[in-house]
Amino acid sequence: MKKVEIITSFTEYTSISELTEKDQALMQQAIEIRKNAYAPYSKFRVGAALLLEDDIVVLGSNQENAAFPSGLCAERTAIFQAGALYPGKQIIKIAISASSDLKVTNHPIPPCGACRQSILEYEMKQKQPIEMFFMGAEGVVCYSPSLINLLPFHFDASSM
């Protein structure tokens with residue numbers, strides 16, 4: 001038997017104002033597109049903004065459905081749209097903002113497991129990390145240098 005230790009690290013910014021101007025602009029787009037979320041059931045709105053290699057920004061917001069598994073999270077909406085509209089383009093970073101109609105979300109809210117797996121697929125495909133910024137509606141912004149940092153034990157094509 002051996003003990004295995006996995007360490008991940010993140011950078012926390014006290015607010016969006018501490019980010020670079022370019023990263024602030026990307027997060028602001030995630031905040032704005034969050035308003036387009038269709039969330040009549042959960043009242044939980046998420047916006048995602050992806051920056052591609054040529055400075056194109058692809059946006060996504062969560063879209064719910066009464067048949068819950070049929071909805072789609074903001075991160076997957078954006079990343080699948082990027083894959084469909086801009087195949088072969090590298091995804092440099094993603095900014096995510098989440099809010100609730102029912103309570104204040106002032107802490108960083110990372111992608112769910114399904115979104116982590118979907119982002120991982122693109123990170124592995126492009127053989128380049130996708131930087132991630134995530135926050136609630138306000139307050140602290142968390143930065144991760146890659147998706148694998150959030151999902152150190154991951155399942156990908158090499159597992160099959």
Side-chain angles (χ1 to χ4, degrees), residues 5-39 42-64 71-83 85-86 89-154 156:
E5 191 171 320
I6 296 175
I7 299 171
T8 62
S9 64
F10 301 86
T11 302
E12 276 192 359
Y13 298 91
T14 57
S15 74
I16 191 174
S17 66
E18 289 187 346
L19 302 177
T20 66
E21 281 186 33
K22 193 170 186 176
D23 292 338
Q24 282 183 44
L26 190 66
M27 184 59 81
Q28 199 58 49
Q29 289 182 73
I31 290 167
E32 286 302 311
I33 198 66
R34 186 181 76 208
K35 296 173 185 172
N36 292 353
Y38 178 66
S42 70
K43 310 292 189 219
F44 189 73
R45 301 174 185 283
V46 182
L50 296 176
L51 179 67
L52 304 183
E53 64 187 335
D54 52 4
D55 289 332
I56 291 173
V57 175
V58 179
L59 304 174
S61 61
N62 58 313
Q63 302 296 312
E64 293 181 350
L72 198 57
C73 299
E75 299 91 330
R76 285 182 287 154
T77 300
I79 204 158
F80 294 159
Q81 179 168 265
L85 296 178
Y86 305 101
K89 293 216 184 263
Q90 300 277 312
I91 300 168
I92 305 302
K93 59 182 76 173
I94 182 171
I96 304 159
S97 176
S99 68
S100 171
D101 295 348
L102 306 174
K103 65 180 185 176
V104 176
T105 54
N106 58 4
H107 61 281
I109 299 174
C112 73
C115 287
R116 290 178 195 205
Q117 185 66 38
S118 295
I119 297 167
L120 172 72
E121 186 77 18
Y122 281 78
E123 194 170 272
M124 300 303 284
K125 181 174 82 168
Q126 69 184 26
K127 297 180 177 80
Q128 176 181 314
I130 297 173
E131 297 177 54
M132 304 180 75
F133 291 90
F134 51 91
M135 66 181 292
E138 57 188 47
V140 173
V141 178
C142 212
Y143 168 78
S144 176
S146 70
L147 186 282
I148 289 177
N149 190 50
L150 268 69
L151 195 62
F153 279 111
H154 57 273
D156 63 36

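Here the structure is a predicted model, which means the values were calculated and not measured. Residue numbers start at 1 and run along the sequence shown.
- In this structure, the separation between CZ on Arg76 and CD on Gln117 is 10.5 Å, given to the nearest 0.5 Å.
- Leu72 CG to Ile79 CD1: the interatomic distance, rounded to the nearest 0.5 Å, is 11.5 Å.
- When the side chain to side chain contact (heavy atoms under 4.5 Å, CB included) test is applied to Asn149, the partners found at least two apart in sequence or on another chain are Thr8, Phe10, Ser144, Pro145, Ser146.
- In this structure, the side chain of Glu64 engages the main chain of Ser42 through a donor-acceptor pair within 3.5 Å.
- For the pair Ile96 and Pro111, the minimum side-chain heavy-atom distance is below 4.5 Å.
- Counting heavy atoms from C-beta on, the side chains of Ile91 and Ile130 come closer than 4.5 Å.
- Taking each heavy atom of Leu26 and Ala49 in turn, the nearest pair found is O-CB, 3.5 Å.
- With hydrogens and angles disregarded, a donor-acceptor distance shorter than 3.5 Å links the side chain of Asn62 to the backbone of Phe44.
- Looking at Leu147 and Met124, their side chains never come closer than 4.5 Å, going by heavy atoms from C-beta outward.
- What you find for Ala78 and Gly60 is that their closest heavy atoms are CB-N, 3.8 Å.
- Shown here for Arg34 and Gly136, the closest heavy-atom pair between the two residues is NH1-O, 4.1 Å.
- To the nearest 0.5 Å, the span separating CD on Gln28 from CD1 on Ile16 amounts to 5.0 Å.
- A side-chain donor-acceptor contact under 3.5 Å links Thr105 to the backbone of Ala137.
- Pairs of residues two or more places apart, or lying in two chains, that qualify as ring pair (Phe, Tyr, Trp, His ring centres under 6.0 Å) and include a residue from residues 111-140 are Phe133-Tyr143.
- Inter-residue side-chain proximity for Glu131 and Asp23 is flagged as unmet; no heavy-atom pair is nearer than 4.5 Å.
- For the pairing with Met135, the side chain to side chain contact (heavy atoms under 4.5 Å, CB included) check across Ser97, Ser15, Pro108 returns one residue only, Ser97.
- Here Lys89 contributes atom NZ and Gln126 contributes atom CD; the two are 12.5 Å apart, rounded to the nearest 0.5 Å.
- Looking at heavy atoms from C-beta onward, Val141 lies in side-chain contact with Leu19 at the 4.5 angstrom threshold.
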**Leu59/Gln81 under side-chain contact (heavy atoms from CB on, under 4.5 Å): CA gap, chis, key distance, verdict** = CA-CA 8 Å; Leu59 304 174; Gln81 179 168 265; 5.5 Å; no

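- With sequence neighbours excluded, the residues satisfying salt bridge (Lys or Arg N to Asp or Glu O under 4.0 Å) with Lys22 are Asp55.
- Judged as a salt bridge (Lys or Arg N to Asp or Glu O under 4.0 Å), and not counting sequence neighbours, the contacts of Arg45 are Asp101.
- With sequence neighbours left out, the ring-ring contact (aromatic ring centres under 6.0 Å, His included) criterion links Tyr13 to no other residue.
- Within 6.0 Å of CD on Glu138 lie more than 12 heavy atoms contributed by other residues, nucleotides or ligands.
- Within the 3.5 Å criterion, the main-chain N or O of Pro129 finds no donor-acceptor partner in the side chain of Glu123.
- Between the side chain of Arg116 and the backbone N or O of Leu150, at least one donor-acceptor pair lies under 3.5 Å.
- In this structure, SG in Cys142 is found 10.0 Å from CE in Met132, a value given to the nearest 0.5 Å.
- Residues Tyr86 and Asp54 form no side-chain contact, since every pair of their non-hydrogen atoms from C-beta on lies 4.5 Å or further apart.
- Taking each heavy atom of Gln90 and Gln128 in turn, the nearest pair found is OE1-OE1, 2.9 Å.
- Residues satisfying the side chain to side chain contact (heavy atoms under 4.5 Å, CB included) criterion with Ser61, sequence neighbours excluded, are Ile33, Asn36, Ala37, Gln63.
- Taking CE of Met27 as the reference point, atom NZ of Lys93 lies at 10.5 Å (rounded to 0.5 Å).
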